[in-house]
Amino acid sequence: MVVLVSDSNDSDEFEWDEDRDDEARVSSSPALRNSDVPGPSTLVWQDAGGRANGAAPSASSVGKFVGMGFPKEMVLKGIKEIGDRDPNALVELLLTYKALGDFPPVGNCSTSSRCIPQSVEDNDDDDLTSEDWDESDAAAERDHIPISDGSGYEDFLQEMSQMDKKIKYLVSMGFPENEANMAITRCGSDAAISVLVDLIYASEYVPLRLPNPMVGFGLPGERLQLVTRRLPALAIGPPFFYFENILYDIEPEFVDSKFFCAAIRQRGYIHNLPIEGRFPILPLPPKTILEAFPQFKKWWPSCDSREYAKLAERIHRALSKSGNPPSQGDQEYVMRECRKWNLPNEMELLLGYPADHTGQVAKMERYKSLGNSFQVDTVAYHLSVLKEKFPGGINVSSLFTGIGGAEVALHRLGIRLRAVVSVEISEVSRSISKGWCDQTQTGTLIEIYEVQSLTDDRIESFIRRLGRFDLVIGGSPCNNLSGSNRHHRVGLDGAQSALFYDYVRILKSVKSTMARM
DNA sequence: GTAATTAAGATTTTACTT
DNA sequence: AAGTAAAATCTTAATTAC
Ligand SMILES: Nc1ncnc2c1ncn2[C@@H]1O[C@H](CSCC[C@H](N)C(=O)O)[C@@H](O)[C@H]1O
């Protein structure tokens with residue numbers, strides 16, 4: 001296992017740290033990391049699903065289902081009945097139990113986003129080998145089970161005030177402090193963490209708490225909070241990677257772009273980039289609509305009589321008939337109309353793209369492609385750490401390129417794009433990103449249409465040709481996950497969203513190929 | 001002909017009460 | 001804290017406008 005450490009020396013040469021000692025070092029004194037000391041990040045994140053650390057498989061299964069919100073007794077009964085081989089069947093059974101009211105209701109915690117900070121776990125964590133991470137894919141990621149068997153860390157707690165430390169630990173696992181307090185009060189200060197966790201789960205409904213505020217590891221101008229992430233084996237570079245999606249139940253860097261611009265955009269970002277030394281694109285975009293578009297104040301909402309003559313006309317008519325200020329009904333009508341049709345030019349600007357970036361295609365196409373693109377300022381902030389590491393520019397594998405959000409972000413950061421292998425199936429989107437490249441870029445652009453056609457062989461030949469990939473970046477389709485899809489919201493295995501697996505496949509392939517060559 | 005418009009829910013999160 | 005109302009969400013197919 002490897003931990004990304006910040007390179008405090010300012011050498012231009014970036015190096016991947018693969019020293020196992022790092023992990024040992026970080027793991028050995030996690031308590032000290034809670035202090036307010038500035039410097040390299042330290043708290044170790046680990047997806048709790050990968051933390052079986054020697055527990056019997058059955059215990060792990062129990063934890064998994066308890067983590068989904070079923071009472072432990074119920075889970076045990078279920079496993080006793082049909083075993084834990086078939087998780088789906090077991091969930092079905094548990095739901096049946098629940099419906100029958102055999103057990104007290106505990107609410108739905110299936111989307112809990114808790115994580116276990118890997119402070120003291122022993123490790124050689126078998127379950128964090130690359131095999132585990134990639135084969136069990138999203139399912140493993142989804143299972144954030146704050147259940148522990150209480151073996152490893154109890155020792156390390158001894159010097160601390162037991163109660164305080166345990167409360168802190170529970171809080172670090174994501175439990176609210178009052179619940180942690182409750183558990184300690186009821187079980188006593190020398191109860192094992194696992195007991196406390198069980199109690200909290202068993203005792204009451206534990207609602208999902210999305211990170212609040214959704215700022216990920218922090219915002220421009222803020223001091224970096226003290227965190228260290230433990231990356232699963234697959235995530236250790238090279239290459240760097242960056243993945244975006246509308247993830248709610250994975251523990252990534254979860255960010256709302258409203259902290260970067262005047263548009264709300266909640267997204268999960270999974271990446272192995274360092275988080276120290278980030279900087280934003282300047283100037284910082286305005287954070288409210290009226291700051292972004294002061295003209296709206298004056299003649300909102302008939303804001304664009306050229307392109308939206310009809311809308312503007314209807315609105316104008318409605319407004320001219322009413323007094324000043326317009327009646328409540330008229331105001332609502334106007335707001336309704338304006339909400340219905342966002343303005344592509346304005347949308348482009350809010351998302352951080354150059355003016356008219358998508359201007360060459362039909363309006364509905366602009367809406368569509370802008371609708372699922374990166375918010376440039378947000379992504380750029382995360383990618384900014386690459387600048388000093390790669391003064392000569394980078395080779396990028398850009399999967400699901402869309403309108404080129406990643407490329408625009410890198411460009412606006414002043415990171416040179418030496419070569420971009422871009423994979424995008426949509427003709428319209430390709431024309432947009434290609435057009436932008438032609439106008440702004442001097443490096444090599446290689447276009448591929450189908451992500452599934454980017455085979456290991458082709459990857460190898462690209463690496464042979466380009467030398468290396470420094471960054472694998474992309475956001476796989478989330479149309480099958482999104483609530484706004486009335487038709488095919490079928491989950492990760494949906495036709496498009498399942499391409500997530502190709503992202504993983506390609507990342508793995510790039511990594512292993514580069515390691516081999 | 002192509003592009004714009006319209007209306008078709010469900011699920012989940014946030015805002016607002018009580 | 002807990003309940004309810006409101007808002008928000010990476011589409012598609014049929015129809016109308018140009
Ligand atoms: N099989 C496939 N191969 C390649 N790209 C695909 C694909 N299926 C869908 N896509 C593309 O994947 C993209 C997902 S949305 C990603 C948008 C991008 N991050 C941006 O900043 O614009 C869409 O543009 C969609 O056209």
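Proteins come first, then strands; the chains are lettered A, B, ... in the order of their sequence lines, and each starts at number 1. Worth saying up front: this structure is predicted, and the values here are computed from it rather than measured.
In this structure, A:Met347 places its CE atom 12 Å from C1' of C:dT9, rounding to the nearest Å. Per the geometry, CG belonging to A:Asn485 stands 20 Å off P belonging to B:dA7, to the nearest Å. Between A:Arg489 atom CZ and C:dT9 atom C1' the separation is 8 Å, expressed in whole Å. Going from atom CG of A:Leu481 over to atom P of C:dA8 covers 21 Å, rounded to whole Å. The interatomic distance linking A:Ile264 (CD1) with C:dA6 (C1') rounds to 14 Å, in whole Å. One can place NE2 of A:His488 at 14 Å from C1' of C:dC10, the figure rounded to the nearest angstrom. We find that CG of A:Leu370 is positioned 17 Å from C1' of C:dT9, with the value rounded to whole Å. Between the OH atom of A:Tyr367 and the C1' atom of B:dA3 there is a distance of 13 Å, rounded to whole Å.
When only modelled atom types and interatomic distance are considered, A:Ser429 and A:Ser369 share no side-chain donor-acceptor pair under 3.5 Å. For the residue pair A:Thr358 and A:Arg366, a side-chain donor N or O sits within less than 3.5 Å of a side-chain acceptor on the partner.
For the pair A:Lys258 and A:Ala362, both in contact range of DNA chain B, the more 5′-proximal nearest nucleotide belongs to A:Ala362. Along DNA chain B, the nucleotide nearest A:Glu365 and the nucleotide nearest A:Gly483 are compared for position; the residue whose nucleotide lies closer to the 5' end is A:Glu365.
In secondary-structure terms, DNA chain B builds stems of at least 3 consecutive Watson-Crick or G-U pairs, each pair having both distances under 3.5 Å, at B:1-8 with C:11-18, B:10-18 with C:1-9.
The nearest pair of heavy atoms linking A:Leu445 to A:Lys434 is CD2-CD, 3.5 Å.
Side-chain proximity of A:Arg486 to B:dT12, B:dA8, B:dA4: nearest is B:dA8. For A:Met364, whose side chain is taken as the heavy atoms from C-beta onward, the closest listed nucleotide among C:dC10, B:dT5, C:dT11 is B:dT5. Minimum atom distance to the side chain of A:Ser484 is reached by C:dT11, of the listed B:dT14, B:dT12, C:dT11. For A:Ile246, whose side chain is taken as the heavy atoms from C-beta onward, the closest listed nucleotide among B:dA4, C:dC10, B:dT14 is C:dC10. Set against B:dT5, B:dT14, C:dT9, the side chain of A:Ser482 has C:dT9 as its closest nucleotide. Of the candidate nucleotides B:dA4, C:dT11, C:dC10, C:dC10 has the atom nearest to the side chain of A:Asn245. Nearest to the side-chain atoms of A:His487 among the listed nucleotides B:dT14, C:dC10, B:dA8 stands B:dA8.
In summary, the aromatic rings of A:Tyr503 and A:Phe400 are positioned with their centroids too far apart to meet the 6.0 Å limit.
Between A:Lys368 and C:dT12 there is no side-chain N or O to OP1 or OP2 distance below 4.0 Å. Residue A:Arg265 places no side-chain N or O under 4.0 Å from the OP1 or OP2 atom of C:dC10. Contact annotation: A:Gln266 reaches the phosphate of B:dT14 (side-chain N/O to OP1 or OP2, under 4.0 Å).
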What do the steps show when you test A:Ser398 against A:Glu407 for side-chain hydrogen bond (donor to acceptor under 3.5 Å, both in side chains), and what is the final call?
-> CA-CA 8 Å; A:Ser398 172; A:Glu407 290 81 350; 2.8 Å; yes
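Ring planes of A:His382 and A:Tyr242: tilted class, angle from 30 to 60°.
Nucleotides B:dG9 and C:dA6 have their C1' atoms positioned 16 Å apart, rounded to a whole Å.
The environment of A:Glu222 atom CD is dense: over 12 non-hydrogen atoms of other residues, nucleotides or ligands sit within 6.0 angstrom. Within 6.0 Å of atom CZ in A:Phe279, more than 12 heavy atoms from other residues, nucleotides or ligands are found, so the atom counts as buried in its surroundings.
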